[in-house]
Amino acid sequence: MSNVFPSRHPLVAHKLALLRNVDTEPKKFRELVPEIASLLTYEATLDLELRPIEVQTPLALAKCQALQAKIGLVPILRAGLGMVEGVWALMPSAEVWHIGLYRDEKTLKPVEYYNKLPIEPTVQVCLVLDPMLATGGSAVATVDILKRWGVTKIKFVGIIGAPQGIENMQQHHPDVPIYLAAIDERLNERGYIVPGLGDAGDRQFGTA
Ligand code: PRP
Ligand code: URA
């Protein structure tokens with residue numbers, strides 16, 4: 001699979017084991033999601049472009065670099081919300097644009113219910129945030145929305161991906177790299193990732 005980057009970082013593996021555990025309470029779950037998102041974003045942003053700047057230190061002018069592009073974080077509601085804090089800590093000037101989608105329980109197709117993007121794009125790079133890439137329908141639909149908005153550089157940062165979701169994304173958006181903590185075995189008959197971690201939204205918000 002090209003353009004898919006499962007993390008090999010030991011801290012990610014350790015935290016993912018805690019996240020998967022059925023006995024992990026929502027409070028701990030809510031702490032782990034942004035921590036993992038932050039570590040994955042560190043890996044996902046390795047190729048961001050820089051521009052040269054000069055900075056006055058107490059002693060002299062220093063030749064430095066600053067991020068070139070304006071970055072947008074795009075959490076898919078609800079479960080992507082928990083990832084924002086961890087990513088924002090790394091890039092506090094990023095804009096956050098929420099996209100609301102839920103999966104129809106029968107068809108497993110995404111249904112859009114929230115999108116307040118302005119007409120003109122305000123950022124050049126988007127990081128789509130959603131812990132679960134299951135059938136890939138939600139991720140594909142979100143990238144469709146962002147491309148229609150006019151953004152061309154898009155990355156997907158998730159936590160667990162299923163082979164089917166990765167394939168779906170690669171078929172529709174082969175230009176979008178996918179960063180994950182792990183690639184799991186399969187989807188079950190209800191479209192849940194196995195072994196996965198269950199319902200990421202319910203586990204964060206205590207609504208199971
Ligand atoms: C979950 C998850 C993804 C989607 C993944 O959201 O957060 O958005 O399912 O599934 P897919 O790859 O098959 O589209 P859900 O629809 O459960 O909504 P929620 O986050 O509001 O609970
Ligand atoms: N959404 C989730 O929250 N978990 C899954 O395993 C699949 C979709």
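Quick caveat: nothing in here was measured; it's all calculated off a predicted structure. Counting starts at 1 for both ligands and their atoms, following the listed order.
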Novice: Please confirm whether the backbone N or O of M169 pairs with a side-chain atom of H173, one donor and one acceptor, at under 3.5 Å?
Specialist: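 Pair absent, no side-chain N/O of H173 close to backbone of M169.
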Novice: Who's touching ligand 2 if we go heavy atoms under 4.0 Å?
Specialist: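 Protein residues near ligand 2 are R103, M132, A134, G191, Y192, I193, G198, D199, A200.
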Novice: Quick one: does T142's side chain have a donor or acceptor within less than 3.5 Å of a partner on S138's backbone?
Specialist: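 Looks like yes, one N/O pair under 3.5 Å.
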Novice: Answer yes or no: are there more than 12 heavy-atom neighbours, outside Q56 itself, under 6.0 Å from its atom CD?
Specialist: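 Yes - once you tally the heavy atoms of other residues, nucleotides and ligands closer than 6.0 Å, there are more than 12.
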Novice: Anything under 3.5 Å between a donor and an acceptor, one on a side chain of residues 123-137, the other on a protein residue two or more places apart or in another chain? List them.
Specialist:
{"from": "Q124", "atom 1": "OE1", "to": "K70", "atom 2": "N", "distance (Å)": "2.7"}
{"from": "D130", "atom 1": "OD1", "to": "M132", "atom 2": "N", "distance (Å)": "3.1"}
{"from": "T135", "atom 1": "OG1", "to": "G137", "atom 2": "N", "distance (Å)": "3.1"}

Novice: Between ligand 1 and the protein, tabulate every N or O atom pair separated by less than 3.5 Å, reporting distance only.
Specialist:
{"from": "ligand 1", "atom 1": "7 (O)", "to": "D130", "atom 2": "OD1", "distance (Å)": "2.9"}
{"from": "ligand 1", "atom 1": "8 (O)", "to": "D130", "atom 2": "OD2", "distance (Å)": "2.4"}
{"from": "ligand 1", "atom 1": "12 (O)", "to": "A134", "atom 2": "N", "distance (Å)": "2.9"}
{"from": "ligand 1", "atom 1": "12 (O)", "to": "T135", "atom 2": "N", "distance (Å)": "3.2"}
{"from": "ligand 1", "atom 1": "12 (O)", "to": "G136", "atom 2": "N", "distance (Å)": "2.8"}
{"from": "ligand 1", "atom 1": "13 (O)", "to": "R103", "atom 2": "NH1", "distance (Å)": "2.8"}
{"from": "ligand 1", "atom 1": "13 (O)", "to": "T135", "atom 2": "N", "distance (Å)": "2.9"}
{"from": "ligand 1", "atom 1": "13 (O)", "to": "T135", "atom 2": "OG1", "distance (Å)": "2.5"}
{"from": "ligand 1", "atom 1": "14 (O)", "to": "S138", "atom 2": "N", "distance (Å)": "2.9"}
{"from": "ligand 1", "atom 1": "14 (O)", "to": "S138", "atom 2": "OG", "distance (Å)": "2.6"}
{"from": "ligand 1", "atom 1": "16 (O)", "to": "R103", "atom 2": "N", "distance (Å)": "2.8"}
{"from": "ligand 1", "atom 1": "20 (O)", "to": "R78", "atom 2": "N", "distance (Å)": "3.1"}
{"from": "ligand 1", "atom 1": "20 (O)", "to": "A79", "atom 2": "N", "distance (Å)": "3.1"}
{"from": "ligand 1", "atom 1": "21 (O)", "to": "R78", "atom 2": "N", "distance (Å)": "3.1"}
{"from": "ligand 1", "atom 1": "21 (O)", "to": "R78", "atom 2": "NE", "distance (Å)": "3.1"}
{"from": "ligand 1", "atom 1": "22 (O)", "to": "R78", "atom 2": "NE", "distance (Å)": "3.3"}
{"from": "ligand 1", "atom 1": "22 (O)", "to": "R78", "atom 2": "NH2", "distance (Å)": "2.9"}

Novice: Quick check against the 3.5 Å criterion: does R186 have a side-chain atom that pairs as donor or acceptor with the backbone of I193?
Specialist: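 No, the answer is negative, given that no donor and acceptor are paired below the 3.5 Å cut-off.
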Novice: With ILVMFWY side chains joined below 4.5 Å, transitively, what does L81's cluster contain besides itself?
Specialist: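 Answer for L81: L77, Y102, V111, Y113, Y114, F205.
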Novice: Side chains of L187 and Y192: does their closest heavy-atom pair fall under 4.5 Å?
Specialist: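 They are not in side-chain contact.
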Novice: Do W149 and T122 touch side chain to side chain, with heavy atoms closer than 4.5 Å?
Specialist: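 Result yes, sub-4.5 Å side-chain heavy-atom pair found.
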Novice: More than 12 foreign heavy atoms under 6.0 Å from CD of E35: is that the case here?
Specialist: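 Yes, the 6.0 Å shell around CD holds more than 12 heavy atoms from other groups.
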